[in-house]
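Have a look at the structure below, then the notes.
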Amino acid sequence: MAAAGAVTTVAASYVPRTRDSFLHLLSKAVTLSHLTELHAQLLHNGFQSDIATTTKLTHRLFDFSAVHHARSLFFSFPEPDRFLCNVLVKGLASNESPRSAIAAFKRLRERKSIDLGPDNFTYAFVIPAAASVGDVKVGISLHGQVIVGGFCSDLFIGSALIDLYFKLGRDDMARKVFDEMPERDAVLCNTMVSGLGRSSRFEDSIGIFRRMVSGDEMQMSNVSPNPVTITSILSACAQLGALSLGQWVHGLIKSNKFDSNIYVSTALIDMYAKCGSIVEARRLFESIPNKNDVTWNAMISGYGLHGHGQEALKLFHEMVSSGTPLTRITFLSILHACSHSGLVKEGEQIFKSMKRDHGFEPISEHNACMVDILGRAGKLKEALDFIEGIPGDPGTPIWSTLLGACMVHKDTNVARMASEKLFESDPGNMGYYVLMSNIYSSDKNYPGAAFVRQVAKKRNLSKTPGCTLIEIHQKPHVFKAGDWSHPLSRAIYAELERLNGKMKEAGYQAETMTSLHDVEEEEKELMVNVHSEKLAIAFGLLSTEPGTEIRIFKNLRICLDCHTASKYISRVTQRVIVARDANRFHRFEDGVCSCGDYW
DNA sequence: GTCGACGTGC
């Protein structure tokens, strides 16, 4: 503390200092004004051409984002060496100036006469810069230079290259770099695990994780999962809905004493909530002593996902009184919870208080939430008024939200208006054409529906195929629409047939007929085909004891017919069915869904 | 005097 005090007084400037004491003070500085003061003292003490202190000062200035100051210090130094140049490249790269970092790197390479050629550090700094701007040409050129320079076995560079190739969308190259590393450490493996996860290649990602756990490969003999690995894997479990794997990882967390890591415990809450175990998520939440904003947000959004709007509101108010700083994501989470539960008044109040009491100017996503809240509740006129009140261009997500609400409430006029904006701003997105065509169909405007589909076809767009996952005895089974690839297909279709009879007796009517008119043959076939949700549910019924809860996961939003069918199935079989779709959870019990038919 | 990977909202 004495040191920190000294640098803030002007009198101290006249005390002669040694290089070591300056280096120490530079590392300790906690504010930018400390650094500015130290810079003045360095000049007073004749250190302007001392490279070690100049390097440290440049580094620390970048730490405080004083990019301009750091830059001019660098350029005022007569003969920078490679070390100082590396600090410049790193500083620029980590201060949202990756393009300047690349430019600086190129200038250095051109001046190789004074032995400023890049070393392993330079590449470890400049490759992430190329990755963050997504520059394929520069990225590949850097990889080439790494090979020529003989830096291939450097672990820092290896991780940077793996991350680069994932960011460029070249998963196979990332894999190649990983496979060819003579030795691997935890960070290198984690880069691979999280990169594969971001590319939705979960099985591959889990494969690397398993190899880290088993530890019987020469190249990874000293590598075992750490908290970073664990959070990446939990995030994969959450996206996959892989509860049993998540539980197994939870065991690993306990035996490795990673419980106290806040990243790990927050990821666990998120995993349990997204895998359908909201009660377990809350139990864990309560057991965490050092909750931060992200922990609270994860729990609030978990309640939102399950349609437990009141619980989400209670927790939100507890968060406010706990003194935890609220963030934009807190408001997104609570507003989503309101929209999923139809809490219009509460949502409006929170939206107002966000700006008034907490000083957050709404960004596009908050506005989209409000449109969602109003639109889902059928207040399309209010939603339109709200959109008109948004300064500037409301943006694609808002029109897309409004279009979704039009589908639920069958409003063709507002839908036409929203879709025109969307076709203009995002013409390559098939989802909008499908929605608009369905809206026309449900209004019996078949020429309109056919026209929209034709436009989509001319633009060569195709639908994301729907699929549903169900985990039986810790093994995942994935079904597509009309799937016959499962070994038990005969039994599954027979079970569906049997269910259909019982459901019809109970009053079920298929809801697909309205959209069957005037569609292309290929598409008609797809619509007549049994949806993947039903196949997964039938398989679940066959494979589990009576009374067991059935949990399924759908990659898209659940369709109206499958939603209705699931309600009937839950009644005629007396089973609870929990379905997670792309948006939220549905819990079907005795003919009723927890979403209140509101999704 | 200089290096990397993780959790919350769509």
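Order of the sequence lines fixes the chain letters, A, B, ..., with proteins taken first and strands second; residue numbering starts at 1 for each chain.
At the phosphate of B:dT2, neither OP1 nor OP2 sits under 4.0 Å from any side-chain N or O atom of A:K90. At B:dG1, none of the side-chain N or O atoms of A:H24 fall inside 4.0 Å of OP1 or OP2 (strictly under the cut-off). Here A:R198 reaches the OP1 or OP2 of B:dC6: one of its side-chain N or O atoms lies under 4.0 Å away. At B:dG1, none of the side-chain N or O atoms of A:T53 fall inside 4.0 Å of OP1 or OP2 (strictly under the cut-off).
The CG-P distance, from A:N261 to B:dT8, rounds to 14 Å in whole Å. When the P atom of B:dG9 is taken as reference, atom CD1 of A:I334 falls 13 Å away, rounded to whole Å. If you measure from atom CD1 of A:I398 to atom P of B:dC10, you get 15 Å, rounded to the nearest angstrom. Computed from coordinates, the A:N95 CG to B:dT2 P distance equals 17 Å when rounded to whole Å. For the pair A:I208 CD1 and B:dA5 C1', the computed distance is 14 Å after rounding to whole Å. We find that CG of A:L315 is positioned 14 Å from P of B:dG9, with the value rounded to whole Å. What separates CG of A:D293 from P of B:dG7 is a distance of 14 Å, to the nearest Å. As a whole-Å value, the separation of A:M370 CE from B:dG9 C1' is 16 Å.
When heavy atoms are screened at a 4.0 angstrom cut-off, A:I262 is found touching base atoms of the nucleic acid. Across all strands shown, A:L188 has heavy atoms under 4.0 Å from base atoms, whether or not it also approaches the sugar-phosphate. Counting any heavy atom pair closer than 4.0 Å across all strands shown, A:I269 reaches no nucleic acid atom. Within the 4.0 angstrom heavy-atom criterion, only backbone atoms of the sugar-phosphate kind lie near A:D270; the bases stay farther away. Nucleic acid contact for A:I51: base, since at least one base atom lies under 4.0 Å from a heavy atom of the residue. Using a 4.0 Å heavy-atom distance criterion, A:T295 is classed as a base contact.
Applying the 3.5 Å distance criterion, the base of B:dG1 shares a donor-acceptor pair with the side chain of A:T55. In this model, no side-chain donor or acceptor of A:S232 finds a partner on the base of B:dC6 within 3.5 Å. With hydrogens and angles left out, the side chain of A:N226 and the base of B:dA5 share a donor-acceptor pair within 3.5 Å. A:S333 contributes no side-chain N or O that forms a donor-acceptor pair with the base of B:dG9 under 3.5 Å. Between the side chain of A:D154 and the base of B:dG4, no donor-acceptor pair under 3.5 Å is found. Between the side chain of A:D185 and the base of B:dG4 there is at least one donor-acceptor pair of N/O atoms closer than 3.5 Å. If you check distances only, the side chain of A:N292 does reach the base of B:dG7 with a donor-acceptor pair under 3.5 Å.
Ring geometry for A:F331 versus A:F316: interplanar angle over 60°, hence perpendicular rather than tilted (30 to 60°). Classified by interplanar angle (parallel below 30°, tilted 30° to 60°, perpendicular above 60°), the ring pair A:F209/A:W248 is perpendicular.
Remark: the backbone N or O of A:I329 is paired with a side-chain donor or acceptor of A:S333 at under 3.5 angstrom. For the pair A:T18 (side chain) and A:S21 (backbone), a donor-acceptor distance under 3.5 Å is present.
Minimum atom distance to the side chain of A:S194 is reached by B:dC6, of the listed B:dG1, B:dT8, B:dC6. For A:K274, whose side chain is taken as the heavy atoms from C-beta onward, the closest listed nucleotide among B:dG1, B:dG4, B:dT8 is B:dT8. Side-chain proximity of A:S235 to B:dG4, B:dT2, B:dG7: nearest is B:dG7. You'll find that the side chain of A:V228 is closest to B:dA5, out of B:dA5, B:dG9, B:dT8.
For the pair A:R184 and A:F178, the distance from NZ or CZ to the six-membered ring centre is under 6.0 Å and the angle to the ring normal is within 45 degrees.
Side-chain atoms of A:N190 and A:T229 form a donor-acceptor pair, as typed in the model, at a separation below 3.5 Å.
Ionic pairing of A:K176 and A:D172 is not present here: no N-O contact between side-chain nitrogen and carboxylate oxygen is shorter than 4.0 angstrom.
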